[in-house]
A.B. asks: 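Quick one: the structure is below, questions incoming.
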Protein chains: 2
Amino acid sequence: MSWSGPGDSGSGRRGYHHGNLREALIDAALELIAAKGPAGFTVAEAARLAGVSPAAPYRHFRDAEALLVEVAVRGYDLFAERLANAWNGGRPQPVRAFEDLGRAYLAFARDQPAYYAAMFDSHLAMESHPGLQAAGDRAFAVLREAADQVAATLPKGRRPPSLMMALHIWSMAHGIAALFVREGPGRRKLPMAAEELLEAGVLLYLQSLGLAGGE
Amino acid sequence: MSWSGPGDSGSGRRGYHHGNLREALIDAALELIAAKGPAGFTVAEAARLAGVSPAAPYRHFRDAEALLVEVAVRGYDLFAERLANAWNGGRPQPVRAFEDLGRAYLAFARDQPAYYAAMFDSHLAMESHPGLQAAGDRAFAVLREAADQVAATLPKGRRPPSLMMALHIWSMAHGIAALFVREGPGRRKLPMAAEELLEAGVLLYLQSLGLAGGE
DNA sequence: CAACTCATGTGAATGGTTTTTACATGGATA
DNA sequence: TATCCATGTAAAAACCATTCACATGAGTTG
């Protein structure tokens with residue numbers, strides 16, 4: 001899918017021109033990151049996977065970092081989409097949908113390690129890449145919006161600041177993903193599934209705000 | 001400081017032998033990571049900083065990763081020490097000391113970015129480095145112990161599992177450090193200090209367990 | 001249809017990196 | 001003092017990023 005040129009997706013290229021090198025390089029980068037970690041990606045090997053010379057990628061990306069940025073942007077977009085689907089406008093109930101959001105967060109980290117690594121492990125400077133900043137903001141906006149609706153179930157007097165809520169939940173979800181879901185330095189065995197840990201944490205947190213359904 | 005050989009810390013070496021290359025390489029690695037991020041460290045440049053040939057480091061470390069591991073181990077040890085100091089045996093009061101622990105977590109991420117990067121951003125596999133695993137466990141044990149004592153202030157019936165508490169707090173602290181304290185992809189402006197965000201989160205969490213001192 | 005242009009790809013070169021190898025040095029020890 | 005071996009060097013092979021001059025051919029234009 002997504003090929004416009006003269007067919008043939010993976011194996012041998014058609015003629016002198018590739019036809020869709022940009023996309024092929026992004027796919028190759030994802031494949032390499034998934035297989036060998038965020039440091040396992042090199043422009044040269046991505047070019048090799050796409051069947052072109054090591055210089056060809058530079059017609060499409062200024063440098064290796066630019067390719068990574070493009071991967072991360074797409075990752076944030078997919079992430080935002082998954083989160084929005086899980087939240088589903090807060091239905092059937094805001095608190096329940098909020099938990100679904102948390103599960104979707106961890107599911108993304110688990111199912112899309114390549115995207116997740118490009119987004120959070122590549123040490124790209126948001127400031128120098130406005131598109132990346134914007135994509136990240138779009139993803140966070142989903143969480144923010146959800147927190148807002150959850151907070152709105154309380155009467156105005158006891159309503160917590162939804163930004164703070166969103167930041168707390170995001171932090172806990174991100175921390176659990178970094179420490180217990182993904183490969184890496186902090187990873188250690190848990191006596192429970194990461195999803196259960198997050199769900200319990202979210203429930204307790206919401207309880208302290210007078211929000212939780214469970215007791 | 002920390003030189004045993006014939007003096008002269010940074011500039012030009014004495015004779016053919018360095019005298020303390022192992023330590024000098026670790027210092028150089030920290031300096032490079034601090035200056036140019038976790039990816040900015042190379043064996044060759046560390047050797048250059050120490051004033052030796054690019055091959056010399058391999059007399060002391062099997063490869064680049066082994067050097068990183070040594071840095072990370074020292075980082076975990078320093079981390080554990082800082083956390084233990086902040087906890088201070090739970091004095092004057094467990095809940096209050098627990099908050100100090102959280103502050104110390106973020107302070108470490110802020111003050112020791114090089115160690116923190118080696119520990120959490122280098123994607124070292126804990127499994128393949130038992131010493132690293134052990135060092136990480138020692139640091140986590142401080143948090144675990146603290147959670148245990150905090151939980152013990154409650155009567156047995158309403159006492160939460162301290163492991164879960166420790167994991168929740170660790171995750172939130174780590175998430176806040178990763179997203180808002182350190183340079184990196186997720187970093188964005190906060191309407192409050194990261195320390196305040198964590199303190200509020202911890203307080204709310206403890207409240208839900210019936211623990212908090214605030215109201 | 002022929003000529004041209006320009007985006008896209010190539011080859012080769014520069015300069016960096018990791019890591020291994022054979023060899024050199026000299027501090028510690030017998 | 002003679003020797004040994006931990007520690008250093010130089011050189012080399014194998015990678016990588018990036019750039020530059022040049023090649024190709026798809027799409028446009030006359």
Side-chain angles (χ1 to χ4, degrees), chain A residues 3-8 10-29 31-33 35-71 118 122-124, chain B residues 2-8 11-29 31-33 35-71 122-124 128:
Chain A
W3 274 67
S4 64
D8 187 0
S11 54
R13 212 166 65 271
R14 273 307 183 194
Y16 189 90
H17 290 93
H18 181 287
N20 207 354
L21 184 52
R22 188 182 170 85
E23 293 300 317
L25 288 171
I26 291 170
D27 289 351
E31 195 174 323
L32 289 171
I33 296 172
K36 305 192 289 182
F41 151 77
T42 62
V43 173
E45 194 155 4
R48 209 171 299 135
L49 276 184
V52 297
S53 78
Y58 295 89
R59 294 294 176 194
H60 299 273
F61 300 97
R62 192 229 289 276
D63 53 22
E65 180 171 310
L67 209 176
L68 252 318
V69 167
E70 179 63 27
V71 172
S122 331
H123 304 285
L124 304 169
Chain B
S2 88
W3 272 66
S4 66
D8 186 359
S11 53
R13 212 166 65 272
R14 276 302 183 198
Y16 189 90
H17 290 92
H18 183 286
N20 206 355
L21 184 52
R22 188 183 168 87
E23 293 300 317
L25 288 170
I26 291 171
D27 290 351
E31 194 175 324
L32 288 171
I33 296 171
K36 306 191 291 182
F41 150 77
T42 62
V43 173
E45 194 156 5
R48 210 171 298 135
L49 275 184
V52 296
S53 78
Y58 294 89
R59 294 295 176 194
H60 299 273
F61 301 97
R62 189 228 288 274
D63 54 21
E65 182 171 307
L67 209 176
L68 251 319
V69 166
E70 179 63 29
V71 172
S122 322
H123 304 285
L124 304 169
S128 20

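Lettering of chains follows the sequences in order, A, B, ..., and the numbering in each one begins at 1. What you are looking at is a predicted structure, and each value in this text was computed from that prediction instead of being measured.
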A.B. asks: Are any of His60(B)'s side-chain N or O atoms less than 4.0 Å away from OP1 or OP2 of dG8(D)?
C.D. replies: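 Yes.
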A.B. asks: Rounded to whole angstroms, how far apart are CZ on Phe41(A) and C1' on dA17(D)?
C.D. replies: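 The answer, rounded to whole Å, is 11 Å.
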A.B. asks: Compare the minimum distances between each of dG8(D), dT18(C), dG9(C) and the side chain of Thr42(B), then state the nucleotide with the smallest one.
C.D. replies: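 When the side chain of Thr42(B) is considered, dT18(C) is the closest of dG8(D), dT18(C), dG9(C).
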A.B. asks: In whole Å, what is the span from the CG atom of Leu68(B) to the P atom of dT18(C)?
C.D. replies: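 In whole Å, dT18(C) P and Leu68(B) CG are 11 Å from each other.
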A.B. asks: So, for Leu32(A) and Ala46(A), which heavy atoms are closest and what is the spacing to 0.1 Å?
C.D. replies: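 Between these two residues, the closest heavy atoms are CD1-N, 3.7 Å.
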A.B. asks: Can you give me the closest heavy-atom contact between Asn20(B) and His18(B), atom names plus distance?
C.D. replies: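 Taking every non-hydrogen atom into account, N-ND1, 3.0 Å.
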A.B. asks: How would you summarise protein contacts on nucleotides 19-26 of chain C per nucleotide, using B for base, S for sugar-phosphate only and - for none, with heavy-atom distances below 4.0 Å?
C.D. replies: BB-BBBBS
A.B. asks: Just how far, in rounded Å, is C1' of dG16(C) from NZ of Lys36(B)?
C.D. replies: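 About 11 Å, once rounded to whole Å.
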A.B. asks: Roughly, in whole Å, what's the span from CG in Leu25(A) to C1' in dT18(D)?
C.D. replies: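 One finds 15 Å between C1' of dT18(D) and CG of Leu25(A), rounded.
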A.B. asks: Atom NE2 of His18(A) and atom C1' of dT24(D): how far apart are they, to the nearest Å?
C.D. replies: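 Atom NE2 in His18(A) sits about 16 Å away from atom C1' in dT24(D).
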A.B. asks: Remember a base hit wins even if backbone is also touched, and classify Ala44(B) as base, sugar-phosphate or nothing at under 4.0 Å, heavy atoms.
C.D. replies: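 It contacts sugar-phosphate atoms only.
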A.B. asks: Round to a whole Å and report the spacing from CZ of Arg48(B) to P of dG15(C).
C.D. replies: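 Taking atom P of dG15(C) as the reference, CZ of Arg48(B) is at 14 Å.
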A.B. asks: In Å and rounded to the nearest 0.5 Å, what is the CD to NE2 distance from Glu65(A) to His123(A)?
C.D. replies: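 Answer rounded to 0.5 Å: 11.5 Å.
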A.B. asks: Could you give the CG-to-P distance, from Asn20(B) to dG27(C), as a whole number of Å?
C.D. replies: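 Whole-Å distance recorded here is 16 Å.
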A.B. asks: Looking only at heavy atoms, what is the nearest atom pair of Pro54(A) and Val43(A), with distance?
C.D. replies: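 Taking every non-hydrogen atom into account, O-CG1, 4.3 Å.
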A.B. asks: Write down the distance between CG (Leu67(B)) and P (dT18(C)), rounded to a whole number of angstrom.
C.D. replies: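 My rounded result for the distance is 11 Å.
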A.B. asks: Any chance you could measure Phe41(B), atom CZ, to Leu25(B), atom CG, to the nearest 0.5 Å?
C.D. replies: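 Answer rounded to 0.5 Å: 8.5 Å.
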A.B. asks: Quick one: are Phe61(A) and Val69(A) in side-chain contact, heavy atoms under 4.5 Å?
C.D. replies: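 No; the side chains remain at least 4.5 Å from each other.
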A.B. asks: How long is the straight-line distance from CG of Asp27(B) back to CG of Leu49(B), given to the nearest 0.5 Å?
C.D. replies: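 Those atoms lie 10.0 Å apart.
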